[in-house]
Structure formats: C-alpha cells, structure tokens
There are 4 protein chains.
Amino acid sequence: MSTTLSPRSDTRSRIITVALELFAENGYEKTSLREIADRLGVTKAALYYHFKTKDDIVHGIVEAMAQPIDEAIAWGEKQPWSPEVRDELVRRFAAGMVERAPLLRFFHENQPALRGSPSGHEFKQRMIGMIRLVHGPNASFDDRLRATMALFSVNSALFLLKQDLDDDGAHPAQCEETATLEQAVAASLTVALEIAGRIEPGAA
Amino acid sequence: MSTTLSPRSDTRSRIITVALELFAENGYEKTSLREIADRLGVTKAALYYHFKTKDDIVHGIVEAMAQPIDEAIAWGEKQPWSPEVRDELVRRFAAGMVERAPLLRFFHENQPALRGSPSGHEFKQRMIGMIRLVHGPNASFDDRLRATMALFSVNSALFLLKQDLDDDGAHPAQCEETATLEQAVAASLTVALEIAGRIEPGAA
Amino acid sequence: MSTTLSPRSDTRSRIITVALELFAENGYEKTSLREIADRLGVTKAALYYHFKTKDDIVHGIVEAMAQPIDEAIAWGEKQPWSPEVRDELVRRFAAGMVERAPLLRFFHENQPALRGSPSGHEFKQRMIGMIRLVHGPNASFDDRLRATMALFSVNSALFLLKQDLDDDGAHPAQCEETATLEQAVAASLTVALEIAGRIEPGAA
Amino acid sequence: MSTTLSPRSDTRSRIITVALELFAENGYEKTSLREIADRLGVTKAALYYHFKTKDDIVHGIVEAMAQPIDEAIAWGEKQPWSPEVRDELVRRFAAGMVERAPLLRFFHENQPALRGSPSGHEFKQRMIGMIRLVHGPNASFDDRLRATMALFSVNSALFLLKQDLDDDGAHPAQCEETATLEQAVAASLTVALEIAGRIEPGAA
DNA sequence: CATGAATGAGTCTTCATTCAT
DNA sequence: GATGAATGAAGACTCATTCAT
C-alpha cells in the first residue's frame, strides 16, 4: 500500500520528462501542450491538473533536474577558492550535466522564452552561482568570461556533435570520424579545464 | 535625387533593422509582424510587399548582415592554414561581429525557431564554414570544439555583460566593476585567441 | 452531542453560505466551484457529494434562504387585500431581506445565469407571488409596476450604498454623509411604502 | 467615393448591434464571441480586427449608445436644480432609453461581469451622474434613493413586461390584459415622476 | 507602395463534471 | 464523507497570411 519515496505522482514526472524532451528538441514556443499531452496519451486538461501553467512545467523541470548543480554549488560554497576546487567544480558540473544534456540545451536555446519567466530566472540564478564559484572572488571580467565558457563547454560540444549527426557523413574526409557522445563529453571536459586553468587567483 | 548604391528600398532595410532588433531582444517567436509593423509606423500588409514570409525577413537579415563573415571566409579559403591565419580569422570574425552583436545573439538564442528554416540553415552554414577554417583540415574533435568556442566567445561575453546590466550593480564587491562593451569585446578576443591557440596543426 | 434540528450536514450548509457570498460578490458565472471549495478547505469533488450540479447549489441556497418570503406569502394569501395588508407585506419582505441582502443582490445581478435554470425560476416565482399579493387583484399595469418597485427598493438602496463605499468619501460635500446599512434599509422602507401607497384598490 | 458621415465601418457597427442584442438576451458571460461572429457571418478573428478585446466591444456599445444620456447630462449641468429640471431630466432619460432598452437591461443584469471592467465603469459613471443631477445638491439618502429608483423605473417596467410575455396568458384573470411596450413605458414614466416628485429641495 | 479587412488554424487556459478508491 | 486524477467542451485571444483596392 505504501511505496518508499513514492514520486509525487507518476503522471506528473512523466509530463516533466516528455516536456523537457520536446522543449529541448523543438523549443519551448513551438511545443504546444497538445503535443505533450498527445505523446503521453492524456488530455491537455490533465496537464493542468498537475501544473498551473505552461511555465510551471518549466519550473517542475528545473526543480527535478537541477539537483546536481545545487549539490555542486552547496559543496563549492563550503570550500575556500583554490585552483583545485575550481577544477573539481567544473568536473562535477560536467558530470552532472551529461545525462541532463537536454536541460542545458533547452536553457541555452530558449533564452527569449525564458526571459521574463520566473522559472527561467530560477535556473539562470543557479548557473550564475556556479560561474561565480568557479572564478572565485574578485575576478576580472576576463576570468568571469573564462568561467562562463568553461561551464558552457558541454553545450558547444553537444552543438558540434549534433551538427555531425545532421550532416550524416557528408563531411568529405575534411575531419576525422564523427565522435561518440562519450568522446564529445570528454573533449568538452578537457577544453573546459584548459579554459578554467587560465583563471588567476583573485587579485586580493 | 539619386543615391549612390541605393538600397533595394528604404523601407525594406528599415524592416530588416527593426526586425533584427526585436528578434534579438524578444525572440523570433515572441516577435509578431504586428510589432515590427507598429514600430515602423506601417501596416502588417506592408511587410508582405517587401517579404514573402516571416522567415523571408530572416533571410533578408542574414543577407544584409553576414557580409563580414563571407569576406572572412573568402579570405580564409585562399590561405593555407597556419596559426597566423587561424588567429587572423578569429580577429576578423570578432571585429565583424561586434557591431552585429544582435545577429549573433539572435542566432544563438533562437535555434529552435531557426531549425527547419531555410534562412536559419543559411547562416548556420556560414558559421560552420568559419569554424572549419579556424581549426583547419584533419582536426580532432577537441580542436573543432576549440574553434567553435573561440568563435562563440563574443557571445558569451555579451551574455555576461547583459547579466551585469540586469543586476545593475547588485553584486556586492564580489566582482570588479561592470565592464563596458569595449572591454567585454576585448576580453572575448583575448580568451578566444587563448582557446584557439591550443589548436594543433592537423595531425597526420 | 445532538443538535436540535440538526441541519442535513454541516458542510452542506457551509457550502451554501460560502457559495451565496461568492455568487453575490463575483457573480454566478465568475464563481468557479474550485473557488468555493478552496474557501471551504475541501475539494471540488466534495461539493459533488452534497450537490448534484452547480445549479443545484443555487437550489440549495433558495431553499435555505427563501423561508421568510414563503412565510410572508403564506400569511398574505390568507388575508383579503387591503392597504394595511399591502403595507405589512412590504414591511415583512424588507425585514426578511435585510439579513439576506446577498440573496437579493444575487437574484438581481445574475438574471442571465438564472434564466433557464430551474432554481432561478423557483425564486422568481416567489418574487412574482409577492408582487401579486402586494398589488392585489385586478391591478393595472401601473400598480403592478409600483408593487414591483416597492419590493426592489431594498436592492436599489443597497446598490447606492455600495456605490458610496466604493467611492470612499470622494464626493465633495455634494451629498450628505455616507449612510449606514441601517439607515439605508430604513430609507428603502420609507420609499417602498411611499410607492406602494399609491397603489389603488383594484378598480372595477 | 466619399460618404458624408460614413460610419467607421459597417461591420464594426453591425458587431455592436448584434453584440448588444446577445449580451442583453443571454448575458455577457454566456455570449461567446463565436456566437456573435456566427450571427454576423464572419469569423471570430474578424471581431478582433475591430475590437481589441471582448470588453472593448462593451466599450464600443456604450460609446455608440450612451449619447442621449450624455446630452441629458450636459443639459442638466447647465440648469440650476429645480423641480421642473428634475422632471425634465427624468423625461429625457426615459425618452432616450426606450429605444435603448437592451442597453439598460444589459447594464442591470450583468453587474458582476461589468464590475472590474473599464467599460462597465464608464457607463456606471454616467448613470451616477444622471442620478446626481436628478436629486440635486445636498440630497439626503432618501432622496438619492428616489432619484435612483426613478431612473431605474424603465427597467422594472421592462422586467414586468417580459414576465407577462413569458407566461403568455397563463395569468387567470388575476390581472388585466398584458400591456404593450408603449403602455409599459408610459407607466414607467408615470411612476418615475411620482417617485421623483417626492424629492425635496436640498436643505441648503 | 501600401492599406483595410478578413481568415483559418492554433494557442493557452478554465470549467463543470465524473469515477474509482 | 471526501479525495485524487482525469476528461470533454468550450472560451478568449494571437498570429501569419491573403487579397481587393
């Protein structure tokens, strides 16, 4: 009769999953609630039983997916800044985001829709928090930019990967073989650490 | 009575300017033709005299704004790849994009809308061309990622700058002074060259 | 442990009270069952345990609140018409309606919603019955109108009172002090009796 | 090529006519834009070409129909208050409203919908203005109530008339013959003047 | 060159209602 | 007595697009 740690409801989390999928693939604006409902085999009205508004679904997504970031932030806030901490943060972020690639993509590619949305803001704050921890206190604009790019690295890698797949083999020996997801992520981490490595300790 | 190099029509180019402004600021989907028309003081129908469809406006934008990229590409294609050429390409791209920041922002933040749009594809091809020239032949995935990020650097800098402006000074001595546009661009170039600098000549 | 004259159920009568409040304040159409349920701290479904439909709640309201009218009607039907009876009916109606002001307001301001509703009809029949008793048999249209207006007088007074409250003192010495509820009701009775006083015994 | 005094557009005024008809008959909330559009043989979207919102249609109605009231108010404001002016105002209002009966009915029976609507407020202000002119300065609550009821008299007469028609002859010799519209209006004026006649000159 | 009028398809959202538990 | 989950129908509104003038 009782499940340990029962999710708020099955439908609710299925909505979150499917919505993120569609939002990431087709964009927030181009994804209608009908599409989400159809793919789930329920009615639009059912969505409204679980979420007050379309934007509230985004809220649900963030709430359900941002945990690794929150943990990384929580951890980072307890450490005094050091190059090691910095690198560890980058690593943790990358690790957490690999399986959540759609979340990052959604966030990056839907800024206009998220601008002015409370839930969009919510996630942006987390990103900004991470960035701040990575570059540490008293950072120059250069270093803040490095921190930003280091974290966005995963995203660029995913962009590139997607490009390769869309071309499906149409690149004539110009480049090497198409990378796998794992390779892409590895590359993203390599480059991210390179970039972050140039961040200099805050000038007192 | 006669303009040297008269543009196809004044209204036409005003539409392009205003549309890009709005697309960049509010997003492609959230910008209606009515808004564009209103801001220009004409009717929606007038837009249809100059452009066949909403997407066609994007086409017009790209056509009107991508020139510097095209020139950089044209130049780059004639040079054999070398670290100097690579850096010069990065510099030219940055130089060209500073005044066209909205274009880049529009491109980055509206992927979902642009996906599936002929005009979106058009611009993406140019970006891919640039990336390819920057990393040169036979590049590893790592290097292609570096090239990509070097070019996207401007965009990250602009993202950061916008964040600062939105907070308007609410960050308590945590970071240095808010940067100016020029400083931001300079930083973006610095970092871009750092990243590109790690690209290694195509191995065997 | 036992209430004399226990109501059908406590929740049931709380629903009636709250529903009438909301119906009177915000209108029948603009009041959703969710609102009623929320204000009571129960679920919509709970309402359906006590009432078959939304309209059935109106039925419940009328049933619970129209008693004084019914009694006045019952009394009036036993008396032969006379000016004294007429005045007494007006007085009884006014007396009964003061504490039931929301009922009257609801009835007056929601005609469109009540039209076509069985429960709306129910109440209207009572009003018509009252009117008929007030003007007595063989009344001219003028007298029927007088009877109608005499009874609706309370409502107009309440309308006026509400207006005053909404303006909260913004009328610059144009009128006297804002009246209290008691004064308003007293005025309404004065005027009602004036109007009814002109009703002439059924001619011929 | 040019019509003197051409209406803003034919469709526009047809919308106003039909909308008022339906609003008065079925209520504001129960009248959907589809209904209005259907009855006009156009699409919902066409309505939105002429009116920004459903409420804006009400605004249009008031603007188009309230002229007689405005004129009466304008006239009344120029006269010093006197019993003759008072009666004349009542007469003018009645005269103006007969052909606009639906407007008054709409206003009376849709308070909840109009509450909070700018256009509803607009009309209410006019009514309040009229009332104020009828009772004159320094009026007691009683007199303000008389003024109000005098003006609402038409409405009550119409209510009564409608009742008679709905019963279609089911009243068993209880009352006289059903009145005609003209008789009803005449009665309403008679009673209105009676009521207004009791208004006493403001107590200096 | 441009407008006024209109459309069709689709969006998000709300509501009364139902039913298994 | 009451709830959680879901539905079907409908509503207001927006948008890109068309076309006669």
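Sequence lines set the chain letters: A, B, ... in the order given, protein chains first and strands last, and positions in each chain run from 1.
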Out of [options], which nucleotide sits closest to the side chain of [X]?
| X | options | result |
| --- | --- | --- |
| B:S32 | F:dA16, F:dT7, F:dA12 | F:dA16 |
| B:A46 | E:dA2, E:dT17, F:dG4 | E:dA2 |
| B:K54 | F:dC13, F:dT17, F:dT7 | F:dT17 |
| B:T43 | E:dT17, E:dT3, F:dT3 | E:dT3 |
| D:A45 | E:dT7, F:dT3, F:dA5 | E:dT7 |

Could you tell me which nucleotide pairs with E:dA20 by Watson-Crick or G-U wobble geometry, both distances under 3.5 Å, or answer none if nothing does?
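For E:dA20, the partner nucleotide comes out as F:dT3, under the 3.5 Å rule.
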Could you check which nucleotide pairs with F:dT14 in any of the strands shown, counting Watson-Crick or G-U wobble with both distances under 3.5 Å?
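With both distances under 3.5 Å, F:dT14 matches E:dA9.
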Hey, does the side-chain of A:K44 have a donor or acceptor N/O within less than 3.5 Å of a partner on the base of E:dT13?
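Checked by distance alone, the answer is yes.
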Does CD in C:E63 sit with more than 12 non-hydrogen atoms of other residues, nucleotides or ligands closer than 6.0 Å?
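Atom CD in C:E63 is crowded, with more than 12 foreign heavy atoms closer than 6.0 Å.
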Comparing D:R12 and B:V42 on DNA chain E - which has the more 5′ nearest nucleotide:
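With D:R12 and B:V42 compared, the 5'-side residue is B:V42.
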5'-most by nearest nucleotide on DNA chain E - C:K52 or B:G41
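Looking at the nearest nucleotide for each, B:G41 comes out on the 5' side.
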Under 4.0 angstrom between [X] side-chain N/O and [N] OP1 or OP2:
| X | N | answer |
| --- | --- | --- |
| D:Y48 | F:dC13 | yes |
| C:T53 | E:dA16 | no |
| D:T11 | E:dA5 | no |

Rounding to a whole Å, what distance do you find between [X]:[atom1] and [N]:[atom2]?
| X | N | atom1 | atom2 | value |
| --- | --- | --- | --- | --- |
| B:I36 | F:dT17 | CD1 | P | 11 Å |
| A:R34 | E:dA9 | CZ | P | 13 Å |
| C:Y49 | E:dT21 | OH | P | 19 Å |
| A:D38 | E:dT11 | CG | P | 10 Å |
| D:E35 | F:dA12 | CD | P | 9 Å |
| C:H50 | E:dA16 | NE2 | C1' | 18 Å |
| D:L47 | E:dG4 | CG | P | 19 Å |
| B:L40 | E:dA2 | CG | P | 10 Å |

Taking the nucleotide of DNA chain F with the nearest heavy atom to each, does D:K30 or B:K30 sit closer to the 5' end?
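Looking at DNA chain F, the more 5' nearest nucleotide goes with D:K30.
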Between A:Y28 and A:F106, how do the two ring planes meet: parallel, tilted or perpendicular, split at 30° and 60°?
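Rings of A:Y28 and A:F106: tilted, as their planes differ by 30° to 60°.
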Nearest-0.5 Å distance, CE of residue D:M65 to CG of residue D:L103:
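Reported value, rounded in 0.5 Å steps: 5.5 Å.
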Determine yes or no for a side-chain-to-main-chain donor-acceptor pair under 3.5 angstrom, with [X] supplying the side chain and [Y] the backbone.
| X | Y | result |
| --- | --- | --- |
| D:R115 | C:E25 | yes |
| C:K124 | C:Q111 | no |
| B:S119 | B:V58 | no |

